[in-house]
Amino acid sequence: MLVNSKEILLDAKKNNYGVPAPDFLDLDSARTFVEVAEEYNRPIILSFAQAHRNIISLEEAAIIGKFMAESVKVPIVLHLDHGEDIEYIKRAIDLGFTSVMIDASMDNFEENVRKTKEVVELAHPKGITVEAEIGHVGQGEIVGQGEGQSGTSSIYTTVEEAVSFVKQTGVDSLAVSIGTSHGIYKGNKNPEINFERLNELAKAIEAPLVLHGGSGTGDDNLHRCAIEGISKINVFTDFLVGAMKEINEVKPADFIALKKASNEGMAKILRHYFKVFSRDYK
Ligand code: 13P
């Protein structure tokens with residue numbers, strides 16, 4: 001069932017668990033994520049990132065996402081991840097995405113507010129939910145290093161800015177930076193999460209909070225994030241790692257077997273994260 005993210009994330013916030021937001025790249029990964037969601041009878045935020053537009057087009061992603069979402073009973077959100085510009089976001093809305101992210105987190109505060117408000121005004125009349133980011137979740141080791149904490153270009157989210165941002169923009173959910181970064185981490189070490197900041201943010205902000213850069217963060221960290229105020233957890237790289245692990249173990253003899261191993265590798269990761277993100281994990 002295709003839905004926006006409103007009710008799903010409010011329920012997650014109220015009941016202290018995290019909804020997985022896996023990024024799909026093709027028909028196989030989208031189908032795998034939706035099938036696992038149906039198997040667990042739990043919603044997911046099926047995400048397509050603008051950064052992957054050269055792998056499949058937005059039109060293809062919309063067709064795949066809508067078809068998969070409508071083919072199951074469990075609620076599925078079709079979400080544009082890291083929307084970079086208004087034109088692309090408008091296209092996603094017109095194509096039937098039920099949720100969009102505007103990522104202007106590298107702009108200054110005022111510009112981030114201005115762009116986010118513009119997207120909210122576009123999306124809300126159509127019943128589409130909006131996520132934005134304040135502070136900045138940087139890149140891990142794969143993509144390069146910048147300034148900031150522990151070899152990433154991340155900038156922690158401050159409570160004051162986050163409160164003011166939500167008030168000024170009316171966003172439905174807010175991505176915050178509390179220690180993760182996108183991609184894998186140097187030496188495969190789990191990052192240090194600023195739980196004190198998370199607790200302050202969760203107390204001060206009514207909108208559900210989102211964690212980007214879920215991969216490689218470690219199960220204990222992710223579980224604690226989920227029960228202490230993060231309602232949506234974005235994961236991408238771990239699915240690629242899981243697919244390759246399965247392929248390397250199975251050593252498929254032909255292309256069909258290779259696709260099957262890749263799908264199974266991704267399914268294992270999502271099954272695992274459904275457990276980790278739930279309140280009663282362990
Ligand atoms: P990872 O690749 O680190 O899991 O990050 C995914 C993400 O945050 C997508 O928005």
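Just so it is clear, the values below take in all heavy atoms, side chains as well, and ignore hydrogens, waters and symmetry mates. In listed order, ligands and their atoms are each counted from 1. In this text, all values refer to a predicted model and were calculated from it rather than measured experimentally.
- On a distance-only criterion, D238 and ligand 1 share no N/O pair closer than 3.5 Å.
- For ligand 1, the atoms lying closer than 4.0 Å to a non-hydrogen atom of H212 are 8 (O), 10 (O).
- Among V34, L2, L78, the one residue that satisfies the side-chain contact (heavy atoms from CB on, under 4.5 Å) test with M68 is V34.
- Against a heavy-atom cut-off of under 4.0 Å, H82 is close to the following atoms of ligand 1: 10 (O).
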Which atom pairs, one a donor and one an acceptor, fall under 3.5 Å between side chains of residues 212-220 and the rest of the protein, sequence neighbours left out?
| from | atom 1 | to | atom 2 | distance (Å) |
| --- | --- | --- | --- | --- |
| H212 | ND1 | H82 | NE2 | 3.0 |
| H212 | ND1 | N234 | ND2 | 3.2 |
| H212 | NE2 | E131 | OE2 | 2.8 |
| H212 | NE2 | N234 | ND2 | 3.4 |
| S215 | OG | T237 | N | 3.2 |
| S215 | OG | D238 | N | 2.8 |
| T217 | OG1 | G213 | O | 3.1 |
| T217 | OG1 | G214 | O | 2.8 |
| D219 | OD1 | H272 | NE2 | 3.1 |
| D219 | OD2 | H272 | NE2 | 2.7 |
| D220 | OD1 | K282 | NZ | 2.5 |

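- Using a 4.0 Å cut-off between heavy atoms, V137 makes no contact with ligand 1 at all.
- Every residue was checked against the salt bridge (Lys or Arg N to Asp or Glu O under 4.0 Å) condition with E206, not counting sequence neighbours, and none meets it.
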Intermediate values then yes/no, side-chain contact (heavy atoms from CB on, under 4.5 Å), K126 and I93: CA-CA 8 Å; K126 297 184 170 155; I93 291 173; 3.7 Å; yes
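- When every heavy atom of A175 is checked against every heavy atom of M101, the shortest pair comes out as CB-CE, 4.4 Å.
- The protein heavy-atom contact nearest to atom 4 (O) of ligand 1 is S215 OG, 2.5 Å.
- The residues E264 and R271 are annotated as salt-bridged, a charged nitrogen and a carboxylate oxygen being separated by less than 4.0 angstrom.
- Of the protein's non-hydrogen atoms, the one nearest atom 2 (O) of ligand 1 is T237 OG1, 2.5 Å.
- In terms of protein heavy-atom proximity, atom 5 (O) of ligand 1 is closest to G213 CA, 3.3 Å.
- With respect to atom 7 (C) of ligand 1, the closest heavy atom belonging to the protein is H182 CD2, 3.4 Å.
- With a heavy-atom cut-off of 4.0 Å, S181 touches ligand 1 through its backbone alone.
- Residue D81 touches ligand 1 through its side chain alone, judged by heavy-atom distances below 4.0 Å.
- Ranking protein heavy atoms by distance to atom 3 (O) of ligand 1, first place goes to G183 N, 2.9 Å.
- Here the shortest heavy-atom pairing between R114 and E111 reads NH2-OE2, 2.8 Å.
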Working for side-chain contact (heavy atoms from CB on, under 4.5 Å), residues I128 and F97: CA-CA 8 Å; I128 290 156; F97 277 70; over 6 Å; no
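- Remark: ligand 1 and V235 share no N or O pair separated by less than 3.5 Å (distance only, no angle test).
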